[in-house]
Novice: 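The structure follows.
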Amino acid sequence: MAETKKRKLLYMQLREHILEEYRNKPYYSPLPGEREMCDIYKVSRPTVRKALEVLEKEGCIARFAGKGAFFIGNNEENQNSGISSNIAFYNQVKLRGDYTHSKVLSQRIDTAGKDVAEALKIAEGERIFHLERLRYINDQLWSLADAYIPYELCPELIQYDFSERSLHNTLSSYGHVPAKARRHITARRADDYEAFNLGLQTGDPVCVAQTLTCDETGTPLEYSVSRSDVYNMSIEMALQNRTDISEEDNYSNML
């Protein structure tokens, strides 16, 4: 068990090394082959493959059969076009060259209410990890966000400080890699608590984003509710490569 966790952490460490080394390289720079990466980073081939798999799902690299892998995380054209792959808030902000951090308001083991239980496909009253944060970009308040994760999925989450740490990257390090997210966005008036935390007046308009994040098998990993000043937001959407989906089935990301 300890060896399995070590291997999971290794591929996330390798992922971080690749991101750091390629951050300032030209768009579409080629990565070494898998065997060469094993020699360069002194890791096994399964570790290399897992790191590349995570980077591809995050939209940082593109892989083509017979041609290899290419770094696309610094593609300004794609970043400014309003289209991106499914990638965590933390990683999106960092890839743009910006800085993000959070103020943790609450971090605890809770029990799932009806709405959270339905979203995560667990029984009402089951234990969940509940993280409530104020999220910032370049020291500017961005959103008030609640994240709910089945406790049994990753009990270790309660040990971490998420002020500077990515929740999705932490899940990935334990083998629960976010692959897609379904988001529903509405606008309503801020209640007293939201207004206080977001620096608004009670009744001001807020954007509410409810997001269900799943792994590649469709298993729910996280249900989140994020509230932002409706006048200070932007949306990036990544549509599935299908023509038979309705508007509310589109997958999206929001900064």
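Everything numeric here is computed off the predicted structure, so don't read it as measured data. Residues take their numbers from the sequence shown, with the count starting at 1. Below, all heavy atoms of this structure are taken into account, side chains as well, without hydrogens, waters or symmetry copies.
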Novice: Answer yes or no: is there a side-chain heavy-atom contact under 4.5 Å between Glu126 and Thr111?
Specialist: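 Answer no - side chains too far apart.
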Novice: Which residue pairs satisfy the ring pair (Phe, Tyr, Trp, His ring centres under 6.0 Å) criterion with at least one member in residues 144-166, sequence neighbours excluded?
Specialist: His130-Tyr148
Novice: Quick check: closest heavy atoms across Glu124 and Ala112, and the distance to 0.1 Å?
Specialist: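 Between these two residues, the closest heavy atoms are CG-O, 3.5 Å.
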Novice: Are Val208 and Ile185 packed together at the side-chain level, in the sense that at least one heavy-atom pair is separated by less than 4.5 angstrom?
Specialist: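 No, every pair of side-chain atoms sits at 4.5 Å or beyond.
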Novice: Looking at His168, is its backbone amide N or carbonyl O close enough to the side chain of Ser172 to form a donor-acceptor pair, meaning the two atoms are under 3.5 Å apart?
Specialist: yes
Novice: Check whether Lys42 reaches the backbone of Asp39 with its side chain - one donor and one acceptor, N or O, closer than 3.5 Å.
Specialist: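 Indeed, once roles are kept as given, a pair shorter than 3.5 Å links the two residues.
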Novice: Within the structure provided, determine whether Thr211 and Ser224 are in side-chain contact (heavy-atom separation under 4.5 Å).
Specialist: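 Yes, side chains in contact.
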Novice: Once salt bridge (Lys or Arg N to Asp or Glu O under 4.0 Å) is applied, do any residues pair with Arg133, and if so which ones, sequence neighbours excluded?
Specialist: none
Novice: What pairs of residues pass the ring pair (Phe, Tyr, Trp, His ring centres under 6.0 Å) test when at least one of them lies in residues 101-124, not counting sequence neighbours?
Specialist: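 Sorted pair list: Tyr99-His101, His101-Tyr136.
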Novice: I want to check something: taking the side chain as every heavy atom from C-beta on, are Tyr174 and Leu157 in contact at a cut-off of under 4.5 Å?
Specialist: no
Novice: Does any non-hydrogen side-chain atom of Asp229 lie less than 4.5 Å from one of Val206?
Specialist: no
Novice: Can you establish whether the number of heavy atoms outside Arg45 located under 6.0 Å from its atom CZ is more than 12?
Specialist: yes
Novice: Does the distance from a Lys or Arg side-chain N to an Asp or Glu carboxylate O, for Arg15 and Glu58, drop under 4.0 Å?
Specialist: yes
Novice: Apply side chain to side chain contact (heavy atoms under 4.5 Å, CB included) to the pair Leu221 and Ile149, showing each step before the final yes or no.
Specialist: CA-CA 6 Å; Leu221 300 180; Ile149 295 171; over 6 Å; no
Novice: Heavy atoms, side chains only, cut-off 4.5 Å: are Gln13 and Leu9 in contact?
Specialist: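 Result yes, sub-4.5 Å side-chain heavy-atom pair found.
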Novice: Do the side chains of Gln210 and Tyr223 get nearer than 4.5 Å, heavy atoms only?
Specialist: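 Tyr223 vs Gln210: side chains touch.
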Novice: Between Asn169 and Ser166 (side chain of the first, backbone of the second, donor and acceptor by atom type, cut-off under 3.5 Å), is there such a pair?
Specialist: no
Novice: Does Leu131 form a side chain to side chain contact (heavy atoms under 4.5 Å, CB included) with Val104? I'd like the steps, not just the answer.
Specialist: CA-CA 7 Å; Leu131 176 64; Val104 176; 4.0 Å; yes
Novice: Any non-hydrogen side-chain atom of Leu144 less than 4.5 Å from a side-chain atom of Tyr193?
Specialist: yes
Novice: Do Ser44 and Thr47 have a side chain donor and acceptor closer than 3.5 Å?
Specialist: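 Checked: Ser44/Thr47 side chains pair up, N/O donor to acceptor below 3.5 Å.
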Novice: Could Glu194 and Arg227 be called an ion pair, given the rule that one side-chain N must be under 4.0 Å from one carboxylate O?
Specialist: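 Between Arg227 and Glu194 there is a salt bridge, with a charged N closer than 4.0 Å to a carboxylate O.
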Novice: For Phe196, does the CZ atom have more than 12 heavy-atom neighbours from other residues, nucleotides or ligands under 6.0 Å away?
Specialist: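 Not buried by this count: 12 neighbours or fewer within 6.0 Å.
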Novice: Check this for me, if you would: do Glu216 and Lys57 make a salt bridge, where the nitrogen-to-carboxylate-oxygen distance has to be below 4.0 angstrom?
Specialist: yes
Novice: Asp161 side chain to Ser163 main-chain N or O, any donor-acceptor pair under 3.5 Å?
Specialist: yes
